[in-house]
Structures are given as structure tokens and as C-alpha cells.
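The structure under discussion appears below in the form of C-alpha cells.
Numbers for residues simply follow the sequence, beginning at 1. Values reported hereafter were calculated over all heavy atoms of this structure, with side chains retained and with hydrogens, waters and symmetry mates removed. These figures come from a predicted structure and were not determined experimentally.
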Amino acid sequence: MAHVLILPRQGNTVESCIIVDWKVNEGDNVTEETAVCSVETDKAAFEVPAGVNGIVLKILRPAGDDVPVLDPIAVIGAAGENWEELISRDQGPGIRDQGNGGEVSPLAPKPPAFPLPPSAGDPPATPPSSSPHSPVSPRARNLAEKEALATEMVPGTGPGGRVIERDVQAALETRPPMTAAAKAAGPTAVPAAGSGIGGRITSADLTSPAPKLLGAENLGAGPLPAESSTEIKGIRKIIADRMHKSLAETAQFTLNSSAPVSRLQELRARMKTSENDSFAKITVNDLILFAVSRVLPRFSYMNAHKTGDTVTTFGLVHLGMAVDTPRGLMVPVIRNANLLSLAQISSEAKRLATACQNGSAKPDELSGSTFTVTNLGSLGITSFTPVLNIPEVAILGVCNIELKPAVPPVPDPRSLIPVYEPHIGFSLTINHQVVDGAPAARFLKALGEAIADIDLLLITG
């Protein structure tokens, strides 16, 4: 019996995945271990195995689709099996439940409705036509004349490229609004934007010469710079939606400060020359992560989540760290960071960053953080506004190291030579719904003191 391959669930928080590409084609032979497609969430990428031996009878969801977990994505079986009948069944046996070892489930839920791709034997769909001689249905012609729309510019999706009413409606949705006088001028080509209120196209816009490009006389005879448009999709769209949700649902407020890092830099220099490989690889960021993990437990209101009207504080520090990858921003989690040594934090941070870079990070390694650190210091950023990784109530931004005037231990009023000391910048964003400015400032002050005396923190922490 044919096997309906469903999109497996990856982690408790994953609700859907985007199919990046299919590694097999319809008609290919596969085994249980064959990776049929690669998928990604906003946090990780992984491959989906076929699960059974057989032939790929049908691919149900194309690459680029955002598919809910446990939805059908392909059908695998023997040559000649009727996969359409299997998919069309409302209830009963036939759809295999991957959660029970692949056995047929008599209680399998009805698959969600979605348009099936055309079969290999189906006649090809008629491509939209934009020919000036394309036929126009009466309803489409009446609507186009009413709205002064030139049907010659409307692609037809009806039989034989016929322009139908929905084609005209689609064209009107993308056209700027027109004044009554402009519509009265009759169907004609219109500019991309008008000079009227709200960008409305006026009758003057239909007769005015096209505006001259500013500075065109200085461009010479060469081609103008090319423009390109890219659809926001995949992990970039998920990140965009999450960032918008974070700003829309929280009251974000950022504080900026700095801390002296002379001792930290000296300690880092000594570690680089150590014969112990684990110490030699410790970075400035590792030292900051260690300091954060030791200071946070003293300020439990910073190590918290806000969910609805409930605030949950945590005794353990699950430290998220932002990682820039070719696929976008990812935030792996160093679990129980306040119980780990500096060397352990450094090793785990490198392991997680490498997994994110090569796409092997597991979903459970990318969720559950209680506080996040994002570091842009290596890029020369002096101050920025980190966006909360909701439901967390705080996120720390690490900036670059700069020389700042410092008060000498014994001020000498006769000295005219200023004293400078390296300082590292911090940008702390909080959810003002939960944390007020003064408590957040106290945490930032304590963190700065810990950084300034990092060598003592390593002894006591």
C-alpha cells in the first residue's frame, strides 16, 4: 500500500517548515534512509527521509512552500498505485502515522485541503496571455470600461488566454486610484503614481509629459543602474514577522553604558599564550558570556519571560547568543550557563555557532533561552538597539571597545595629559512592561563592575 509521507515535527515549538528543495523527482526509487527533501524552520535546517522503500509517486508540496508539521508532502509506493484515491479519502486507513512506527492508523485525520499539483498526464495549463488581440469576456469588458482600464495590458488566464472578470479585478487592485475626470478620459495607459491626493491619477497626469529623471543629462549614454526586487520568503520572512511581533507586543526601552576592559584584555592576552588549548581559544565574547551568566542570578527579574499577563523568573540561566549565518540570524542556547566554567561556556558557544553555520543545529538547541546576548562589537558598532527575543524581557547588545577618558588613581591637578582607558560598550534593551529603567540600570552597573574585575570574578564565580 502506498505511503503518505508527512512533514515530521522537529521540536515542541516548531509549527511549520519551509521546503527548501526536493532531492528526488517523481518516479525515483528511494529507500527508507533516502533524504527526499531538505526543510528549514526559523531556527534550523534538516532533511526528511523517505521512511519506506518504493517509488516517489507524487510530490504534493513544491519547494518554497511553508508547510504545517504533520501535513502530507509526498506519496511513496509501488509503480501504478492510485495515489489520488489515497489522498482523497476523508477518513479511514491508508494514511500512515509516522508517530506510531509507520503503521496504518484507522483514526488518521483528514488531510488538510490544498490544491494538488497537476499529474504528468494532465494537459498543460494555458499560460496567461498579454496579446493585444486576446479575447475578452463580456463581464470583463464591462468592468474594464467602467474603470477606464485598457484590457490590452491585462494578462488573460481564461481558456485560450481569454481575459475574464477576475483578471480585470486583479489588474485594478494593482493600479493606483483614479479621479472621476481621469476615468472619463477613457481607457489608456496610466503612470505608476498620480499627482492627486493620496497618489490618485488625475486627468492632467494622463496628458502631462513623463517627468525628466533628475540628473539624467549627466548620466551619459550608458545604461542606467539596474533595479531588482526579491520576494521576502523562507527564513527571512519568519525572522521579519518575529521582529515585527516583538516590537508590536512589547514596550522596548534601551539603556547604554560602558565598562573598563583593561584587565579583561590583559587576561585574554595571557590566555592566548597558554599551552592549554581550551584556554587559548577563549575569546572576549566568551568572557562576557561568563560574566553575564554570573551576574544574572542576582537580578532574577532580568532572567525572565513574559507570557500574557504572567511573568516567570528562572533560577537557571539558559543563555541565548545571536549568531549571524548565511541563512539569517539564529539564537542557539547555552543551557545552565551559570553552572558551567569559563572553558565549558567557551566550548559550548563554539559548538553551537558552528552547528548554526553549517545548518546542523537541532531545534531544541535553538529554543528555551531566558536571556540573550548579541555582539556587534567586531563590526565597529558603538551603540545600537537590540530587539527583544520574546518572550524574554531583556537582551544585551555588546559594542566595540573604545578609548575613553579615565580618572587616574591619584589625580594630579598639575598634569595636563589626559588619561585614557579602553571601555567596552553595552546596549541593554528591556521590556518596560516588566522591568523599569532603574532596576535595569542596576543590573547593567553590576555587569560593568564584573567586567572591570573579570579576573576576580573568575576566582569567586
Side-chain angles (χ1 to χ4, degrees), residues 1-127 157 159 233-235 327 358-364:
M1 179 178 290
H3 166 75
V4 176
L5 178 64
I6 63 174
L7 184 66
R9 183 182 293 279
Q10 294 288 322
N12 295 329
T13 61
V14 177
E15 297 180 355
S16 67
C17 302
I18 295 169
I19 298 177
V20 179
D21 58 47
W22 283 95
K23 299 181 178 298
V24 297
N25 298 312
E26 293 179 4
D28 287 355
N29 287 293
V30 295
T31 65
E32 294 183 16
E33 295 80 17
T34 302
V36 296
C37 67
S38 60
V39 301
E40 68 178 17
T41 69
D42 59 325
K43 299 174 179 178
F46 57 93
E47 295 180 339
V48 178
V52 295
N53 299 331
I55 297 174
V56 180
L57 300 178
K58 196 65 184 175
I59 292 176
L60 301 175
R61 302 299 290 262
D65 266 15
D66 189 358
V67 182
V69 296
L70 306 183
D71 263 21
I73 58 174
V75 182
I76 300 172
E81 282 194 89
N82 188 349
W83 62 268
E84 290 98 338
E85 180 182 351
L86 178 64
I87 288 295
S88 64
R89 291 174 183 167
D90 292 341
Q91 295 287 343
I95 297 180
R96 296 183 181 270
D97 181 357
Q98 292 191 354
N100 60 13
E103 296 297 322
V104 175
S105 171
L107 300 178
K110 178 181 178 180
F114 56 86
L116 295 175
S119 300
D122 291 343
T126 302
T157 62
K233 59 182 180 180
I235 190 172
R327 297 172 53 245
N358 61 28
S360 63
K362 301 175 182 177
D364 289 342

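Atom CG of N29 sits about 5.0 Å away from atom CD1 of I55, to the nearest 0.5 Å. With rounding to the nearest 0.5 Å, the separation of CD1 in I6 from CG in L70 is 5.0 Å. The OG1 atom of T34 sits 10.5 Å away from atom CD of E47, with the distance rounded to the nearest 0.5 Å.
L5 and V36 get closest at one heavy-atom pair: CD2-CG2, 3.6 Å. Residues L7 and P68 approach most closely at CD2-O, 3.8 Å, considering heavy atoms. Closest of all the heavy-atom pairs between V30 and V24 is CG1-CG1, 4.0 Å. The minimum heavy-atom distance between E26 and I59, with the atom names listed, is OE2-N, 3.2 Å. Taking both residues in full, the closest heavy atoms of E32 and P49 are given as O-CB, 3.7 Å, listed atom of the first, atom of the second, then distance. P72 and V4 get closest at one heavy-atom pair: CB-CG1, 3.6 Å.
Under a 3.5 Å cut-off, the side chain of D65 and the backbone N or O of V67 do not form any donor-acceptor pair.
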Carefully, step by step, assess R61 and D71 under the rule side-chain contact (heavy atoms from CB on, under 4.5 Å).
-> CA-CA 10 Å; R61 302 299 290 262; D71 263 21; 4.0 Å; yes
Could you walk me through whether I73 and L60 pass side-chain contact (heavy atoms from CB on, under 4.5 Å), step by step?
-> CA-CA 5 Å; I73 58 174; L60 301 175; 5.5 Å; no
